[in-house]
Undergrad: 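First the structure, then my questions, so here it is.
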Amino acid sequence: QVQLVESGGGLVQAGGSLRLSCTASGNIFSVTAMAWYRQAPGKQRELVAQFVSGGKTNYADSVKGRFTISRDNAKNTVYLQMNSLKPEDTAVYYCGMGIIGRDYWGQGTQVTVSS
């Protein structure tokens, strides 16, 4: 009943920027958590950025100062602004949301950063 749709991925040169978006639709009463994860080839899926208690944000050390997570509650949308991109940021990026006590995932969007 809940679907997450991601957009904004693509190919970018090192040092460039991208903004990812993820919008939830369906049987949504309240979004209690929002986060972005990524998975590179041969690597474990890792947490990139998230909203925590009180609306505060948390970031992986590797992206601090470069990535910013934000949200539009009225649109049930979470964003990830990615600046100063590096080749090591190349991965499939997934959004996750906690809705009605369950975790939901998007299908993922590919981000490729060329040297």
Side-chain angles (χ1 to χ4, degrees):
Q1 291 184 319
V2 175
Q3 180 176 276
L4 305 185
V5 179
E6 298 153 316
S7 64
L11 175 65
V12 66
Q13 295 279 356
S17 298
L18 286 172
R19 189 176 80 154
L20 307 183
S21 300
C22 176
T23 299
S25 61
N27 188 23
I28 302 171
F29 292 96
S30 180
V31 178
T32 58
M34 292 179 171
W36 287 96
Y37 292 76
R38 68 185 181 187
Q39 187 168 27
K43 302 292 185 180
Q44 296 284 106
R45 187 172 298 190
E46 65 173 339
L47 177 67
V48 176
Q50 66 178 158
F51 282 100
V52 296
S53 180
K56 298 179 180 179
T57 55
N58 182 58
Y59 297 92
D61 288 341
S62 60
V63 307
K64 286 181 179 177
R66 300 189 297 119
F67 291 11
T68 303
I69 187 171
S70 61
R71 63 189 180 187
D72 185 334
N73 291 332
K75 297 180 179 180
N76 293 317
T77 297
V78 61
Y79 305 93
L80 185 67
Q81 178 67 46
M82 305 184 293
N83 298 326
S84 301
L85 283 162
K86 305 174 181 179
E88 51 262 45
D89 294 319
T90 295
V92 178
Y93 284 71
Y94 301 88
C95 68
M97 295 190 190
I99 303 171
I100 323 174
R102 294 185 178 186
D103 293 332
Y104 295 88
W105 296 86
Q107 291 295 306
T109 184
Q110 177 71 47
V111 172
T112 302
V113 184
S114 62
S115 301

Undergrad: Around Q110, counting heavy atoms of other residues, nucleotides and ligands shown, do more than 12 lie under 6.0 Å from its CD?
TA: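 Yes, enclosed.
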Undergrad: Mind listing the closest non-hydrogen atom pair of E6 and G106 along with its distance?
TA: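 Heavy-atom minimum between the residues: OE1-C, 3.5 Å.
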Undergrad: Could you check if a side-chain atom of D89 sits within less than 4.5 angstrom of a side-chain atom of R66, using non-hydrogen atoms only?
TA: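 Result yes, sub-4.5 Å side-chain heavy-atom pair found.
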Undergrad: Can you measure from OG1 (T57) to CZ (F67) and round to the nearest 0.5 angstrom?
TA: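 Nearest 0.5 Å value for the OG1-CZ distance: 14.0 Å.
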Undergrad: Scan for disulfide bond (SG atoms under 2.5 Å apart) pairs involving residues 23-54, sequence neighbours excluded, and state none if there are none.
TA: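 The answer is none; no pair qualifies.
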Undergrad: Sequence neighbours left out, what pairs pass side-chain hydrogen bond (donor to acceptor under 3.5 Å, both in side chains) with at least one residue falling in residues 12-22?
TA: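 Every side-chain hydrogen bond (donor to acceptor under 3.5 Å, both in side chains) pair that includes a residue of residues 12-22, provided the two are not neighbours, is Q13-S114, S17-N83.
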Undergrad: Mind checking what makes salt bridge (charged side-chain N to carboxylate O under 4.0 Å, His left out) contact with K64, not counting sequence neighbours?
TA: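 Salt bridge (charged side-chain N to carboxylate O under 4.0 Å, His left out) check on K64 returns D61.
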Undergrad: What closest approach, in Å, do L4 and C22 show between heavy atoms, and which atom pair accounts for it?
TA: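 So the two residues come closest at CB-SG, 3.9 Å.
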Undergrad: Restricting to pairs with a member in residues 84-115, which pass ring pair (Phe, Tyr, Trp, His ring centres under 6.0 Å), not counting sequence neighbours?
TA: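 Matches after skipping sequence neighbours: Y37-W105.
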Undergrad: Anything under 3.5 Å between a donor and an acceptor, one on a side chain of residues 43-52, the other on a protein residue two or more places apart or in another chain? List them.
TA:
unit_1: E46; atom_1: OE2; unit_2: R38; atom_2: NE; d: 2.7
unit_1: E46; atom_1: OE2; unit_2: R38; atom_2: NH2; d: 3.3
unit_1: Q50; atom_1: OE1; unit_2: N58; atom_2: ND2; d: 3.4

Undergrad: Only pairs under 3.5 Å count here: list side-chain donor-acceptor contacts from residues 27-36, not counting sequence neighbours, and write none if there are none.
TA:
unit_1: N27; atom_1: ND2; unit_2: Q1; atom_2: OE1; d: 3.3
unit_1: T32; atom_1: OG1; unit_2: G98; atom_2: O; d: 3.2
unit_1: W36; atom_1: NE1; unit_2: Y79; atom_2: O; d: 3.4

Undergrad: Just verifying a value: how many Å separate M82 CE and T68 OG1, rounded to the nearest 0.5 Å?
TA: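 Spacing of CE (M82) from OG1 (T68) equals 11.0 Å.
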Undergrad: Under 3.5 Å, is there a donor on one side chain and an acceptor on the other for T77 and T23?
TA: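 The answer is yes; a qualifying pair exists.
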Undergrad: Test your reading of the model: is there a side-chain donor-acceptor pair from T112 to the backbone of T90, 3.5 Å cut-off?
TA: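 No, the answer is negative, given that no donor and acceptor are paired below the 3.5 Å cut-off.
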Undergrad: Is the shortest side-chain heavy-atom distance between I99 and N76 below 4.5 Å?
TA: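 They are not in side-chain contact.
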Undergrad: Determine, using the 4.5 Å side-chain heavy-atom cutoff (strictly less than), whether L18 and Y59 are members of one ILVMFWY cluster.
TA: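 Cluster IDs for L18 and Y59 match.
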